[in-house]
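Right, one structure below, let's go through it.
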Amino acid sequence: MPELPEVETTRRMLEPVLVGRVVRDVIHTDPERYRNTTAMLGKQIRAIERRGKYLILRLDDGLDCIVHLKMTGGFRTTELPFLEPPRFERLRLVLHDGEVSYVDSRRFGFWEVLPRNEWAHLGTLAKMGPEPLEDEFALEPFQAAMAKVSKVKPALLSQKPVAGVGNIYADESLWHAQIHPEASKLSAAQSKRLHTAIREVMTRAVAVGGSTLSDNSYQQPNGEPGYFKLQHAVYDRAGQPCPRCGSTIEKYFLAQRGTHFCPRCQPKP
DNA sequence: ACTGGTTCCTGCGAGC
DNA sequence: TGCTCGCAGGAACCAG
């Protein structure tokens, strides 16, 4: 499930394939889900950026193409033309010197082409918090926000205190910081540990291409998996020993999300 | 302004 | 082997 590390990996791999190219065709059959994509025709892709879990293709004439991969979205690129469409292909970008395929088995992801930075109707994007791997992710404002939360994990998932944290990286970061997912009103020391943990977890995950959970979930655009799952301490490890203390990792549901934690390292407050 | 619940969608793995 | 069934979850949306 693409979170910041998976989306950033995707962005980096798409950059040399897309930037500078002109969009010759956009092929799909779902104009409700992939909105206004005909506006891309004939436009050059000037840059590909990322904001939280959103990809933003910057096009000629002041247009942005917003892409959200949601649960199962992803890209496939090849050096040669595709001999057959990749499995679960939903959209294909035809460029003057190649093609890029967008796949999404569950069809939760969406595309929308709109005038530059006109994101008001996408509330989560418009109100996105600071990027955790940039200097803008300052400690003091994060501590101030965390001092008010009622439950820390749902707060992280809101994208407001910090951008790009999803279910996997919330669980992993809270384990590293030794904070229970339902902890409220974090102390300055707790928030500092969490701030450090988010930066470290995200940095290490980006370095290895993100997390691939199973064959059908996220893959890098070249078809390779991401290797961060090998470093997961708690996520998808219920019943296995905590790497820090050896206690058995537990899983339960918090705000409708599978939540993994170590009951000894992350005691319930 | 918040919180909490529902919805979208479908492949897959577990269980029988 | 083949079937059913519940799980996976980001974020838009809606109700309270």
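Each chain gets a letter, A, B and so on, in the order the sequences are listed, and its residues count up from 1. If you're wondering where the values come from, they're calculated on a predicted model, not measured in any experiment.
Across all strands, G109(A) comes closer than 4.0 Å to no nucleic acid atom at all (heavy-atom distances). Heavy atoms of Q256(A) sit under 4.0 angstrom from at least one base atom. K251(A) comes within 4.0 angstrom of sugar-phosphate atoms only, judged by non-hydrogen atoms across all strands, and of no base. F110(A) comes within contact range of no nucleotide atom at all, as no heavy-atom separation falls under 4.0 Å. Within the nucleic acid shown, R257(A) comes within 4.0 Å of at least one base atom, counting heavy atoms only.
Ranking dA8(C), dC12(B), dG10(C) by closeness to the F253(A) side chain, first place goes to dA8(C). Side chain of R87(A), nearest nucleotide from dC12(B), dC9(B), dG10(C): dC12(B).
Between T124(A) and the phosphate of dA12(C), there is a side-chain N or O to OP1/OP2 separation shorter than 4.0 Å. Listed pair K70(A) / dC8(B) fails the phosphate criterion, with no side-chain N or O lying under 4.0 Å from OP1 or OP2. Contact annotation: Q159(A) does not reach the phosphate of dG10(C) (side-chain N/O to OP1 or OP2, under 4.0 Å). For Y169(A) and dG10(C), the shortest distance from a side-chain N or O to OP1 or OP2 is not below 4.0 Å. Residue R107(A) places at least one side-chain N or O closer than 4.0 Å to OP1 or OP2 of dT10(B). In this structure, H68(A) does not reach the dG10(C) phosphate: none of its side-chain N or O atoms is under 4.0 Å from OP1 or OP2.
Here the P atom of nucleotide dG13(B) and the CG atom of D236(A) are 12 Å apart, to the nearest Å. Rounding to whole angstrom units, CD1 of residue I66(A) and P of dA11(C) are separated by 13 Å. In this structure, I168(A) places its CD1 atom 12 Å from C1' of dG10(C), rounding to the nearest Å. Y34(A) has its OH atom 11 Å from the P atom of dC9(B), to the nearest Å. What separates CE of M71(A) from P of dC7(C) is a distance of 14 Å, to the nearest Å. Per the geometry, CZ belonging to R33(A) stands 17 Å off P belonging to dT7(B), to the nearest Å. Whole-Å rounding puts the F88(A) CZ to dC9(B) C1' distance at 12 Å. In this structure, L55(A) atom CG and dA11(C) atom P are separated by 12 Å, rounded to whole Å.
Aromatic ring orientation, F142(A) versus H195(A): tilted (interplanar angle from 30° to 60°). Note: Y252(A) and H180(A) have tilted aromatic rings, judged against thresholds of 30 and 60 degrees for the angle between ring planes.
Mapping K160(A) and R90(A) onto DNA chain B by nearest heavy atom places K160(A) at the nucleotide closer to the 5' end.
Each of F75(A), Y54(A), F110(A) was evaluated against L69(A); a single residue qualifies, F75(A), per the side chain to side chain contact (heavy atoms under 4.5 Å, CB included) test.
Counted by atom type alone, Q240(A) and H232(A) present zero donor-acceptor pairs between their side chains at under 3.5 Å.
Taking the side chain as every heavy atom from C-beta outward, M40(A) and L93(A) approach each other to under 4.5 Å.
Ring centroid separation for the pair W111(A) and Y102(A) comes in under the 6.0 Å cut-off.
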